[in-house]
Structure formats: C-alpha cells, structure tokens
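Worksheet: the structure to be examined is printed underneath.
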Amino acid sequence: MSEPSQPAPVHRWRVVGAWIALGAVLVTTLALVDGQDTGDTRPFWMLFLPALCGIIGGVLAGMEGRTGLSVWTILLGVMAVPMLFMILVFIYGP
C-alpha cells in the first residue's frame, strides 16, 4: 500500500505570507487615519502601501494555487484606500 501524499510543508510559507500580507493591508490602511486629529498629512507613498501588500499577498497565494485567497487579497489591497475614504466621508461628512 502506498501512503497518501502530503503537501510539501516547504511551500506552506506562501499561504502564511499571503495571510500576513492581508493583515498588512488592514494595518497600513488604518495607519493612514489621523486618529489624534493633529492635521498632519501622511506621505503620498503611503497611499500605495495597501495595494502593494495586497498584490504581494495575492501573488504568494496564487503561487500556492489558492485562487480565492489570491483574488480576495488583491481586491482588498486595491480597494482598501477608496473604501477608507468613503467610510470617512460617511462618518465625518464631505
């Protein structure tokens, strides 16, 4: 009898990296909010960090064959900043 083949644990880091990138999308998006109301602006390049984290996580998940996780991570990364802007407009007004 042959043993059932197990997926190689070496490639498991890609899925873990995708989940970490998904968390990084949320953290970098929340870092854009001025919670102390100081009026300080964030650097312009910070607007691109959630999308970059989402794309990196999506590529890692895609390399592992996790299509759903890949699509979800990329979509959340690209749409995080526009969603944040809409939520802030709904809360504080234009």
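Keep in mind the model is a prediction, meaning the values are calculated, not measured.
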| Taking the side chain from Ser70 and the backbone from Arg66, do they hold a donor-acceptor pair closer than 3.5 Å? | no
| said: When you measure from the side chain of Arg14 to the backbone of Gly62, do you find a donor-acceptor pair of N or O atoms at a distance under 3.5 Å? | reply: no
List the atom of [X], the atom of [Y], and the distance in Å for their closest heavy-atom pair.
X: Leu60; Y: Ala18; value: CD1-N, 4.1 Å
X: Ala80; Y: Thr29; value: CB-OG1, 3.3 Å
X: Val25; Y: Gly77; value: CG1-CA, 3.8 Å

May I ask whether [X] and [Y] are part of the same hydrophobic cluster, defined by side-chain heavy atoms of I, L, V, M, F, W, Y residues being less than 4.5 angstrom apart, directly or through others?
X: Val27; Y: Val78; value: no
X: Val81; Y: Trp45; value: yes
X: Trp72; Y: Val59; value: no
X: Leu69; Y: Leu76; value: yes
X: Val33; Y: Phe44; value: yes

| task | May I ask you to check whether over 12 heavy atoms, not counting those of Met86, lie within 6.0 Å of atom CE? | result | no
Separation between [atom1] of [X] and [atom2] of [Y], rounded to the nearest 0.5 Å:
X: Phe48; Y: Ile55; atom1: CZ; atom2: CD1; answer: 11.0 Å
X: Phe85; Y: Leu47; atom1: CZ; atom2: CG; answer: 5.0 Å
X: Leu22; Y: Cys53; atom1: CG; atom2: SG; answer: 10.0 Å
X: Leu84; Y: Leu30; atom1: CG; atom2: CG; answer: 7.5 Å

| request: Evaluate the side chain to side chain contact (heavy atoms under 4.5 Å, CB included) criterion for residues Met46 and Leu32: first the C-alpha distance (whole Å), next the side-chain angles of each, then the deciding distance (0.1 Å), finally the verdict. | output: CA-CA 7 Å; Met46 281 188 71; Leu32 294 171; 3.7 Å; yes
